[in-house]
Amino acid sequence: MKEFILPELGENIESASVLNILVKQGDYLKQEQPVLEIETDKATIEVPSNVEGLIKDLFIKEGDKVKVGQVILRVEESQVTEKPTQVETKTVTSVETKIESKAEPPSAAPVKQEFGGIVEFIIPDLGENIQSADILKVLVKVGDVIQKEDGVLEIETDKATIEVPSTVSGKVLEVFIKEGDKAKVGQVALRVESVLSSEVAATHDQIPQEEIVEVSKTPIVETPAKVEVAKVNPVLQRAGLIDTQPAILPHSAPAAPSVRRLARELGVDINGIPGSGINGRISLDDVKAYVKRLNENRSSFSGSSIGIKTESLPDFSKFGNVERKLMSNIRSKTADHLSFAWATIPHVTQFDKADITDLEKVRKGLTSSAEKEGTKLTVTSFLLRIISEALTEFPQFNSSIDMERKEIIYKNFVNIGVAVDTENGLIVPVVKNVKDKNIFQLSKDMNELADKARRRKIGLEDLQGGCFTISNLGGIGGTYFTPIVNSPEVAILGVSRGSFEPVYKDGQFIPRLMLPLSLSYDHRIIDGADAIRFLRWIVEALENPYRFLL
């Protein structure tokens, strides 16, 4: 008998919470096979086995708090002698999507693999640096039949409220989460009796006989020495029933598959991790230490306290009744992100006014054309088109800064975010490929994104890839304000309410519709002279709409 104990998890980490147990009693456990998914105060990781054998006892359950050095399970080492009369065959199970090696007597007839089976739907990747989400609604129940792309969950991440579509089709057998839960990326949400697409099923009869996987009627667990890599059925692979390992390219960092997997799960590039082993070989401890350093760096730059000593709040209840409410994920993330941007970016804000009297005439003149296109033109519609041209004229405004490498990243695409005020907080959907669209299409895209944001139907892809941001408060009021740059962008334009003002022109004062503009920018890359040139370029385009549109 051998025992598997919880190994060292890193400096000052004495215990962890068990999220998932990836094996069960009776399983044959192999070296480096993942045993547990645990959560420490630093990260969520899979713990691989350092023992091998048949699992006889399992001493923990999901939800337990386990300590470093605690016995997790006990295995019995197998000693199966190889029999020359046995014929090895292979199978791919659709239930667990793992490749196993089976054996059967020579007389056993091959059986075709059934197309379908029990599959798990897990919480998918939700975007960069997003590890978990709050479950607002579970849209399916046990017994429901779902199709691919059907909505199964409504979740709230740090950035938005979105509906998560299914990646499988079939009948829901089990639901493992409920409303109000905190779900992690990779966590199993549903178990479904799958139904493959008609395209895959139709392909089944076309598979050459030698490619059909054989299944033993009386499977025998063999010793690791006899286990071979099974031949993967290409149809099952295309159907998504087999999880394939990414290819290891030449000159890749030296590391075992389990180490590579841990790096992928933690979202770090294996090639950037320094190895402590012979010839720079990377171990599990190297990955954990690297991630720990990243977390410590992020903690030291947390949005709410970058280089600033925090002060305790007074007891407000001494002065009257108070009520405490938890921030929503969106509000919390906005607070952290803007605090980080304000503390790390040296902001400067430049102000100016644009005479949009003629632009307003053009906008009203295009009303009927816009209605035919199914949209409504606003000043922001024109600004999208104007700023896309300005970013081409002034490429430093369409860039990001990599301070670690001391590099400037110039972008050869133009995506512009438009801040939207919703009841859940500030959300910035991104209008993509602005330079390739006319003003009607831009208006339509912008209005659709704003509507999705307010209805909490915005997708994560709609919030990513921005180059520049417009924040228009003109519909509410105000004159000027100092918008905070939306890092990693380097500039943002604030738009306030336009109003008629007396303007001295041709020897007299005449009423003109003036629009206040506020340009905030990152002074690390943009100088004041360039900023006013950029802003004046925008002002002149707004004041000469006929010339600009032509």
Side-chain angles (χ1 to χ4, degrees), residues 1-11 13-40 42-82 88 90-91 93 95-103 186 188 219-230 243 245 248 254-266 270 273 275-278 281-289 291-292:
M1 288 282 192
K2 282 189 175 180
E3 292 179 339
F4 169 68
I5 65 172
L6 187 66
E8 290 288 338
L9 302 173
E11 187 179 356
I13 300 179
E14 302 295 333
S15 62
S17 299
V18 178
L19 299 180
N20 290 304
I21 300 176
L22 307 176
V23 295
K24 61 182 182 298
Q25 193 170 351
D27 284 354
Y28 188 88
L29 183 64
K30 302 174 187 178
Q31 289 271 1
E32 302 294 345
Q33 179 180 337
V35 177
L36 303 171
E37 185 182 5
I38 62 173
E39 182 182 46
T40 72
K42 301 287 185 183
T44 299
I45 57 175
E46 279 186 355
V47 181
S49 172
N50 58 9
V51 298
E52 194 163 308
L54 195 66
I55 298 177
K56 302 296 290 183
D57 300 290
L58 192 59
F59 300 107
I60 61 169
K61 62 183 184 299
E62 293 179 4
D64 282 356
K65 192 88 168 177
V66 292
K67 296 183 177 181
V68 172
Q70 181 176 333
V71 177
I72 304 299
L73 52 83
R74 186 181 290 125
V75 301
E76 181 178 42
E77 295 179 279
S78 292
Q79 293 184 354
V80 180
T81 58
E82 187 173 346
E88 293 180 359
K90 290 88 179 175
T91 183
T93 67
V95 176
E96 298 184 359
T97 65
K98 294 180 181 177
I99 299 176
E100 299 177 348
S101 180
K102 307 288 183 182
V188 177
I220 300 173
V221 178
E222 297 186 349
T223 61
K226 294 183 66 179
V227 175
E228 297 179 2
V229 177
D243 183 18
Q245 171 86 2
I248 298 176
S258 59
V259 177
R260 293 178 181 281
R261 178 176 181 178
L262 177 61
R264 290 198 308 275
E265 293 289 337
L266 295 178
I270 190 73
I273 300 175
S276 59
I278 299 174
R281 189 165 183 81
I282 301 168
S283 67
L284 291 170
D285 288 337
D286 292 332
V287 176
K288 295 172 189 175
V291 172
K292 180 183 177 183

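Quick caveat, the model's predicted, so the values are computed rather than measured. All values below come from the heavy atoms of this structure, side chains included, with hydrogens, waters and symmetry mates left out.
- Taking all atoms of both residues into account, the shortest heavy-atom contact from Arg260 to Ile270 is NH1-CG2, 3.7 Å.
- Put simply, the side chain of Gln31 never gets that close to the backbone of Glu52: no donor and acceptor are under 3.5 Å apart.
- When each of Asp64, Leu19, Ile21 is tested with Leu36 by the rule side-chain contact (heavy atoms from CB on, under 4.5 Å), just one qualifies, namely Ile21.
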*Could you go through the side-chain contact (heavy atoms from CB on, under 4.5 Å) check for Gln33 and Asp27 one step at a time?*
CA-CA 11 Å; Gln33 179 180 337; Asp27 284 354; 5.7 Å; no
*With side-chain contact (heavy atoms from CB on, under 4.5 Å) as the test, would you mind laying out the steps for Phe4 and Val23 before giving the verdict?*
CA-CA 13 Å; Phe4 169 68; Val23 295; over 6 Å; no
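- Ser15 OG to Ile38 CD1: the interatomic distance, rounded to the nearest 0.5 Å, is 9.5 Å.
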_Run Val35 and Leu22 through side-chain contact (heavy atoms from CB on, under 4.5 Å) and show every step you take._
CA-CA 5 Å; Val35 177; Leu22 307 176; 5.9 Å; no
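- The CG atom of Leu29 lies 14.0 Å from the NZ atom of Lys56; values are rounded to the nearest 0.5 Å.
- Checking Val291, Val287, Val259 one by one against Ile273, the side-chain contact (heavy atoms from CB on, under 4.5 Å) holds for a single residue, Val287.
- Separation of atoms CD (Glu76) and CG (Asp57) is listed at 10.0 Å; rounding is to 0.5 Å.
- Scanning all heavy atoms of the two residues, the minimum distance from Glu32 to Pro48 falls at O-CB, 3.6 Å.
- Across all their heavy atoms, Glu37 and Asn20 have their closest contact at OE1-ND2, 2.6 Å.
- How far CD1 of Ile5 is from NZ of Lys67: 14.5 Å, rounded to the nearest 0.5 Å.
- Considering every non-hydrogen atom in both Gln70 and Val66, the closest pair reads OE1-CA, 3.4 Å.
- Rounding to the nearest 0.5 Å gives a distance of 10.0 Å between CD1 of Ile72 and CZ of Phe59.
- The salt bridge (Lys or Arg N to Asp or Glu O under 4.0 Å) search around Glu3 returns Arg74, not counting sequence neighbours.
- Leu73 CG to Ile60 CD1: the interatomic distance, rounded to the nearest 0.5 Å, is 7.5 Å.
- The minimum heavy-atom distance between Ile282 and Asp286, with the atom names listed, is CA-OD2, 3.5 Å.
- Shown here are the salt bridge (Lys or Arg N to Asp or Glu O under 4.0 Å) partners of Lys65, two or more places apart in sequence or in another chain: there are none.
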